[in-house]
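First up is the structure itself, then whatever we jot down about it.
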Amino acid sequence: KISLLQHAPSDHLPQRPGDITPTTRNLNPLMHPFSKARERNRALVAVKMERMFSKPFVASLEGHVDSVGVLVRKPGGVGLVASGSGDGEIILHDLPQRKHIVRVQAHKGMLTGLCFTSEDRVLSCGLDKNVKMWDISEDAASSARVEAGEAGPSEPRKPLALFSGKAPFNSIDHHRTDPVFATASTTVQVWDESKSSPLSNLTFSGSTETVTSVRFNPSESSVLASVGSDRTLVLYDIRTGKAERRVIMQMRTNALSWSPTFPTTLLLASEDHNLYTFDIRSLAVPTQIYKAHVSAVMSCDWSPTGTEFVSGGWDRTVRIWKEGAVGARKAEVYHSKRMQRVLSTIFTADARFVLSGSDDGNVRLWKAKASEKLGIIDARERAAMEYRESLKERWRHDQEVGRIARRRHIPKPVLKAGELKRTMLEASKVKEDRRRKHTRAGGSKPTAERKKVVVVEQT
């Protein structure tokens, strides 16, 4: 009796012309004793390639001659971003073309606030106690005529409307749907676009602070939040015309941003080098603390997806955070040799890029994911990228893979400042432990870090 091994040739040939040749694999793990080692090696190569191709800087949008303190993106669009500088000039940038569409000398002093209205118009405010409205659609058309060789307006641009106040304005924000906007000065004022005087003055009883920033809630658009120079966070309701709740914190807050996906989540950029997320239903303690900056955090902005946010600090770095991921090593850090103190940061509407405005007068465009490839990606390359991502996720707990993935180059002054800050914090913890050790039992109990942020909550 003779036993023969017989294979059908049709099992090893393409079924139709143009199909790939089928391959047969034995899935028995005993036949592949080195599969884990090969997979780990591929994960190492993948994470090394990610660090090699991490070049986040895209472009520098020049044009300002003073520090860029305000950046705002146009709602409902992807490519248009407006910036305002310390000399009172507004520039409308076209990001795909990387050129200026509009330039307006809006204010005589420092420009402190900028926002788009619902009708393709821009509202600006400054230290000259004026709020001005500009029509950017006509400006775009006139600039197009000038580029085409036609005659354009020769006299300086005039605002469509002028709203005068009694004190310098520090911030401005527009309602999502209604022709209403809010300004921050010595009080929070709500204005109508068709009236020259404010509709209402919102203030907390007994409060004398200077309001530094104000923002409408994008979902519950009648809710308004502001932060002031006396370390306060105040929530208002424009339907009742009064302040609802007030929180006094340990340190002053420089900027705030509402989450686009969770209407009750509020992000604060603080003077104590940290960022805090609060749930406005319970303001006694923050829901999360994000620590990595070594100097005051000057700006913050949520991604349109609501899963990450960007911050810019006095330490000349831009950091991108994953929502809920705590730890300095989990934040992406961007820096350059020429970039000075970062005063404003925003995400683009497609969440793929980040813009930063700094003291040196430049608006810089960065990739939100440092190693992302720009341009056309075919199906085969995308499949390879997805496979490498799955390998990095599967082997992220490996010691060497994790070490390479977490490593970031940080400027020496920032690194030294971080080391000094850690030394001071460890010394204070040791001192507190010793004090507790030599205190009567139960006389001194440790306080959670989150419970130290808020001093008092008022209603």
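This is a predicted model, so every value here is computed, not measured.
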Where do [X] and [Y] come nearest, in terms of heavy atoms and distance?
X	Y	answer
Gly126	His107	N-CE1, 3.8 Å
Asp87	Gln105	O-NE2, 2.8 Å
Met249	Tyr276	CE-CD1, 4.3 Å
Leu111	Ser124	CD1-CB, 4.1 Å
Leu266	Ala225	CD2-CB, 4.4 Å
Trp191	Ser164	CH2-O, 3.5 Å

Okay, side chain of [X], backbone of [Y]: is any donor-acceptor separation there less than 3.5 Å?
X	Y	answer
Thr212	Val227	yes
His293	Ser295	no
Lys451	Val285	no
Asp315	Val294	yes
Asp192	Leu199	no
Arg176	Pro218	yes
Thr203	Thr187	no
Glu386	Arg388	no
Lys367	Ser54	no
Asp301	Phe347	yes

If you count every heavy atom of other residues, nucleotides or ligands that lies below 6.0 Å from [X] atom [atom1], does the total exceed 12?
X	atom1	value
Lys429	NZ	no
Lys421	NZ	yes
Arg436	CZ	yes

(request) Taking side chain to side chain donor-acceptor pair (under 3.5 Å) as the test, write out the residues that go with Arg215, two or more places apart. (result) Ser171
Got a salt bridge between [X] and [Y], using NZ or NE/NH1/NH2 to carboxylate O under 4.0 Å?
X	Y	answer
Arg408	Glu332	yes
Asp360	Arg316	no
Arg396	Glu50	no
Glu426	Arg422	no

Contact check, side chains of [X] and [Y], non-hydrogen atoms, under 4.5 Å:
X	Y	result
Val81	Leu61	no
Ile320	Tyr334	yes
Asp272	Gln250	no
Thr348	Arg73	no
Arg352	Leu374	yes
Val70	Ser344	no

Say you draw a straight line from [atom1] of [X] to [atom2] of [Y]; how long is it, rounded to the nearest 0.5 Å?
X	Y	atom1	atom2	answer
Met110	Ser85	CE	OG	9.0 Å
Met133	Thr117	CE	OG1	5.5 Å
Asn274	Glu449	CG	CD	8.0 Å

(request) Could you walk me through whether Lys392 and Val401 pass side-chain contact (heavy atoms from CB on, under 4.5 Å), step by step? (result) CA-CA 8 Å; Lys392 288 185 289 186; Val401 173; 5.6 Å; no
(message) Before we go on, tell me: are the rings of Phe57 and Trp366 under 6.0 Å apart, centre to centre?
(response) yes
(message) Taking side chain to side chain donor-acceptor pair (under 3.5 Å) as the criterion, tell me which of Arg364, Arg341, Gln340, Arg338 meets it with Ser358.
(response) Arg364
(message) Looking only at side-chain N and O atoms, does Glu193 offer a donor or acceptor that is under 3.5 Å from a partner on His174?
(response) yes
(request) May I have all residue pairs that pass ring-ring contact (aromatic ring centres under 6.0 Å, His included) and include part of residues 227-269, sequence neighbours excluded? (result) none
(request) With Phe169 as reference, evaluate Thr183, Thr186, Val214, Val211 under the side-chain contact (heavy atoms from CB on, under 4.5 Å) test and give the passing residue. (result) Thr183
(request) With Leu95 as reference, evaluate Val58, Leu80, Leu355, Val78 under the side-chain contact (heavy atoms from CB on, under 4.5 Å) test and give the passing residue. (result) Leu355
(request) Determine, step by step, whether His335 and Thr317 satisfy the side-chain hydrogen bond (donor to acceptor under 3.5 Å, both in side chains) criterion, reporting the C-alpha distance in whole Å, the side-chain angles of both residues, the deciding distance to 0.1 Å, and the verdict. (result) CA-CA 5 Å; His335 57 87; Thr317 61; over 6 Å; no
(request) For Gln288, check side-chain contact (heavy atoms from CB on, under 4.5 Å) against everything at least two apart and list the hits. (result) Thr277, Tyr290, Val326
(message) Checking ring pair (Phe, Tyr, Trp, His ring centres under 6.0 Å) between Phe181 and each of Phe163, Phe216, Phe116, which is the one that passes?
(response) Phe163
(message) Classify the ring geometry of His93 against His100: parallel below 30°, tilted from 30° to 60°, perpendicular beyond 60°.
(response) perpendicular
